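Report on the structure given below.
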Amino acid sequence: MALHIGIIGTGWFSKVHGDNLAAMDGVQIKAVGGTSAAKAQALADRYPGAIGFGNLADMLDAQKLDAVYICVPPMAHGEIEAQLIERGIPFFVEKPLATDLDTPLSILNKLQQKPLIHAVGYHLRYRESIRKMKETLEGRTIGMALGTWMGDMPQVAWWRDLQGSGGQFVEQTTHIVDLLRYTAGEIEEVYAAFGSRLMHEVHDNVTVPDVGTVTMKLKNGAVATVSNTCILPGGVHEVGLHLYTDMGILDWKSQQLEVTAPDQKTTYHMQDDPYVAETEAFIHALRTGDTSRILSDYADAVETQRVTCAALESASTGQPVRLNP
C-alpha cells in the first residue's frame, strides 16, 4: 500500500523533496499546503493526483496522510508542528527549526509528551564524505576546528529580515555548526562578533548582519571557529569544515574529503545525493518503525539551534554565552 505524503511550503526545497518522494516506489504526494490555495496548487500540479490547500487544518481534514514534509521559512514554525503532533502525523522538518530557541523547545516538549516518527533536514550528515570523515577520526584527538559558510545573499525578502530568518548563522551556517557537533563534539560556550559591511547599502530592508565569526569551546576541550559572510558575488562561495588532529588535517568540502598526514595526502571524491539519502531513511522509518537510519532527530537538532541562538545573543551583548541545556 502506498504511503500518502503531504508537503507544507511551496519554495525550492518543497520541490526538491517532492520530486525525490515522487520518484520513490510506493510513495504518493497527495497534498500541498501553501500561503494560498493557488500557490499550493501550482506545486501540486507537478504530482499526479495532488491537491493544493491554503489552510493546514483543511488539508489535514481532507486527506489521510502518513507523513508531512515541512518546508517553510524559519519564522513560520510552531503551529504547523503543533497541529501534526496533536493529530499524531509523522513529519520531516527542514532546518532551521525556528528563528529562536523557545519555539523549538516548546515543540520538543510536545514531541516528548506524544512521540511520533520524525526527522530534521540536516542533510549534510548523510553525505558519504561525512561518513568517511567520522570513520577517519576514530582514534584521533581533535585539537581545533575551522568552519566556513561564505557566499552571496539569497534573493528572498524574508531571508534579509532578522525576524524572518534569524540571520545567516541561524539559517545557513547552522549546517556547519551541526556538522561540528556531529563530528567533533558538543559545544559549551560561544563568543560571537557580527557586523554589517555592505548588504544594507545594496538591498532594501536588510536587517541581518552580513559578516560574522563565532569562537566556541567544546566540552571535550577542543576549540573551534565558524565564520560566515553573504557579501560575495553570486557563484563565488566557500563552504567547509577543517579539523586539526594529532594525526593530521581533515579538510571537508561537500563531496570531497582531503586527509593530510605527515607523509601523504589522500583525497576522496564522492557523488552521492544526501537529499535522497535522508528521505530514504525517513520513508524506511515510516514503513518499518526503525528510526536507526535517521541521523538528525528533533532533540538533537534543538542542540544545534541552542548554539546558533547563543551566537546571536553573544553578538548582541558582546559577551560570551555558556550553554545551559
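Quick caveat: nothing in here was measured; it's all calculated off a predicted structure.
Counting only N and O atoms by type, the side chains of Tyr122 and Thr174 include a donor and acceptor under 3.5 Å apart. Side-chain N/O atoms of Asp100 and Thr103 include a donor and acceptor closer than 3.5 Å. Side chain to side chain, Asp297 and His118 fail the donor-acceptor criterion of an N or O pair below 3.5 Å. The closest side-chain donor-acceptor pair between Gln264 and Thr266 falls under 3.5 angstrom. Of the N and O atoms on the side chains of Thr136 and Lys132, not one donor lies less than 3.5 Å from an acceptor on the other residue. No hydrogens or angles considered: a donor-acceptor pair under 3.5 Å links the side chains of Tyr47 and Asp19.
Other residues, nucleotides and ligands contribute at most 12 non-hydrogen atoms within 6.0 Å of the CE atom of Met247. Around the CG atom of Asp246, the shell of radius 6.0 Å holds more than 12 heavy atoms that belong to other residues, nucleotides or ligands. Environment of CD in Glu186: crowded, with over 12 heavy atoms of neighbouring residues, nucleotides or ligands closer than 6.0 Å. Sparse packing is recorded around OH of Tyr191, with 12 or fewer heavy atoms of other residues, nucleotides or ligands lying under 6.0 Å away. Enclosure of atom NZ in Lys265 is not indicated, since only 12 or fewer non-hydrogen atoms of other residues, nucleotides or ligands lie within 6.0 angstrom.
In terms of hydrophobic clustering, with Ile, Leu, Val, Met, Phe, Trp and Tyr side chains grouped at heavy-atom distances under 4.5 Å, Val206 and Met75 are assigned to a common cluster. Both Val120 and Leu108 are assigned to one and the same hydrophobic cluster, defined by single-linkage of ILVMFWY side chains at heavy-atom distances under 4.5 Å. Ile294 and Val276 fall into different hydrophobic clusters, where Ile, Leu, Val, Met, Phe, Trp and Tyr residues are linked whenever their side-chain heavy atoms come under 4.5 Å apart, directly or through other members. Tracing side-chain contacts under 4.5 Å through hydrophobic residues (I, L, V, M, F, W, Y), one never reaches Val177 starting from Leu105; they form parts of separate clusters. The cluster map of Ile, Leu, Val, Met, Phe, Trp and Tyr, joined by side-chain heavy atoms under 4.5 Å apart, puts Leu250 and Leu124 in the same cluster.
Asp210 places a side-chain N or O within 3.5 Å of a backbone atom of Leu198 that can act as its donor or acceptor partner. Side-chain atoms of Ser316 come within 3.5 Å of backbone N or O of Glu313 as a donor-acceptor pair.
No side-chain heavy atom of Arg127 sits less than 4.5 Å from a side-chain heavy atom of Asp273. Residues Leu179 and Ile130 form a side-chain contact, since some pair of their non-hydrogen atoms from C-beta on lies under 4.5 Å apart. A heavy-atom distance below 4.5 Å is not found between the side chains of Asp152 and His237. Contact check for Gln271 versus Gln255: side-chain heavy atoms found under the 4.5 Å cut-off. In this structure, the side chains of Ile176 and Thr148 stay at 4.5 Å or more apart for every pair of heavy atoms. Side-chain contact between Met24 and Glu280: present, with at least one pair of heavy atoms (C-beta onward) separated by less than 4.5 Å. The shortest distance between side-chain heavy atoms of Gln41 and Val32 does not fall below 4.5 Å. Using a 4.5 Å heavy-atom threshold, the side chains of Val72 and Ile8 count as touching.
Taking the six-membered ring where the residue is Trp, Tyr69 and Phe92 present parallel rings, their angle staying beneath 30° rather than reaching 60°. Below 30°, between 30° and 60°, or above 60°: for His123 and His175 the angle between ring planes is above 60°, a perpendicular geometry.
Arg322 and Glu189 are joined by a salt bridge, as a carboxylate oxygen and a charged side-chain nitrogen come within less than 4.0 angstrom of each other. One finds a salt bridge joining Arg131 and Glu135 here, because a Lys/Arg side-chain nitrogen approaches an Asp/Glu carboxylate oxygen to under 4.0 Å. Here Glu238 does not pair with Lys253 in a salt bridge; the nearest charged N to carboxylate O distance is not below 4.0 Å. Under the 4.0 Å criterion applied to side-chain N and carboxylate O atoms, Asp178 and Arg125 are assigned as salt-bridge partners. Salt bridge absent: Arg160 and Asp204 never bring a charged side-chain N and a carboxylate O closer than 4.0 Å.
Of the listed residues (Ile117, Ile80, Ile85), just one forms a side chain to side chain contact (heavy atoms under 4.5 Å, CB included) with Phe91, and that residue is Ile85. The side chain to side chain contact (heavy atoms under 4.5 Å, CB included) test with Val211 singles out one residue from Arg197, Met199, Met150, and that residue is Arg197.
Nearest heavy atoms, Leu218 versus Ala224: CD1-CB, 4.1 Å.
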